[in-house]
Amino acid sequence: MSALHTLDVRLLAALAGAHLPPTDRDLALDLCDGAVDAVRSLRLRHPGRAVREIVVLMIAEEIPALDQRVRGDLARLCEVEVVRGL
């Protein structure tokens with residue numbers, strides 16, 4: 001199982017109780033996957049912190065109805081993926 005696939009599985013688990021429409025759920029996955037890919041392609045001093053902040057901001061902008069706690073959970077999963085891999 002690839003790391004990105006593992007990330008998607010964990011993101012879906014974090015979104016399970018969020019009661020989002022399928023389009024918003026898919027958007028959240030796409031935003032997270034895109035942020036992880038973008039940060040990995042850059043040589044940043046603190047890539048984990050960068051991806052965490054990017055995910056929180058992008059999801060807050062695109063899916064404002066998503067609970068802040070869930071946003072934080074998604075951001076932390078992306079941070080772990082960038083820093084250590086899942």
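Put simply, the side chain of Leu11 does not reach to within 4.5 Å of the side chain of Asp73, judged on heavy atoms. Between Val70 and Leu20, the closest side-chain pair of non-hydrogen atoms is not below 4.5 Å.
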I'd like a table of donor-acceptor pairs (distance under 3.5 Å, sequence neighbours excluded) in which one partner is a side-chain atom from residues 45-65, with atom names and distances.
unit_1	atom_1	unit_2	atom_2	d
Arg52	NH1	Glu79	OE1	3.1
Arg52	NH1	Glu79	OE2	2.7

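In this view, Asp26 satisfies the salt bridge (Lys or Arg N to Asp or Glu O under 4.0 Å) rule with no residue, not counting sequence neighbours.
Hydrophobic cluster membership differs between Leu44 and Val83, with clusters built from Ile, Leu, Val, Met, Phe, Trp and Tyr side chains linked at under 4.5 angstrom.
A distance of 9.0 Å separates CD of Glu81 from CZ of Arg10, quoted to the nearest 0.5 Å. The line from CG of Leu29 to CG of Leu12 is 4.5 Å long, rounded to the nearest 0.5 Å.
Not one N or O on the side chain of Arg25 forms a donor-acceptor pair closer than 3.5 Å with the backbone of Leu15.
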